[in-house]
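Here's the structure, in structure tokens; my notes come after.
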Amino acid sequence: MLAPVMNEIKSKYPNVKFEEYDVDNEVDEVMKYGVTSVPTVIIEKNGQLHERFTGLQSKMAYQNSINEVIG
């Protein structure tokens, strides 16, 4: 359910880096980011946490957070 939302957001922000991790196969990343629920979306700027979303959120919530970071 998250993939279509993220694909649309990615197309609107070509200069923003998006990364996806498979929680079953990329345990180091899961531990690094403290992911305990799926989906988890983490917005960072310069390696610093800006916002963490656990569970599916609205497209607007993700876009607002990205806009704050790139503002």
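Atom NE2 of H50 and atom CD of E44 lie 11.5 Å apart (nearest 0.5 Å).
In this structure, Y33 shares a hydrophobic cluster with Y21, V23, V30, V35, V38, I42, L49, the cluster being traced through Ile, Leu, Val, Met, Phe, Trp and Tyr side chains under 4.5 angstrom apart.
Across every non-hydrogen atom of T40 and R52, the tightest pair is CG2-NH1, 3.7 Å. The two residues E20 and E26 come nearest to each other via the heavy atoms O-OE2, 4.2 Å. Here the closest non-hydrogen pair linking D22 and D24 is OD1-N, 2.8 Å. Pairing each heavy atom of T54 with each of S37, the nearest pair is CG2-CB, 3.4 Å.
Side-chain atoms of Y62 come within 3.5 Å of backbone N or O of Q57 as a donor-acceptor pair. No side-chain donor-acceptor contact under 3.5 Å links K59 to the backbone of V5.
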> Could you walk me through whether E29 and K32 pass the side chain to side chain contact (heavy atoms under 4.5 Å, CB included) check?
Replying inline: CA-CA 5 Å; E29 296 298 328; K32 173 182 172 184; 3.8 Å; yes
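Linking ILVMFWY side-chain heavy atoms closer than 4.5 Å, directly or via other members, places I43 and I70 in a single hydrophobic cluster.
E8 and K10 are not joined by a salt bridge, as no carboxylate oxygen comes within less than 4.0 angstrom of a charged side-chain nitrogen.
Between F53 and P39 the shortest side-chain heavy-atom distance does not fall below 4.5 Å.
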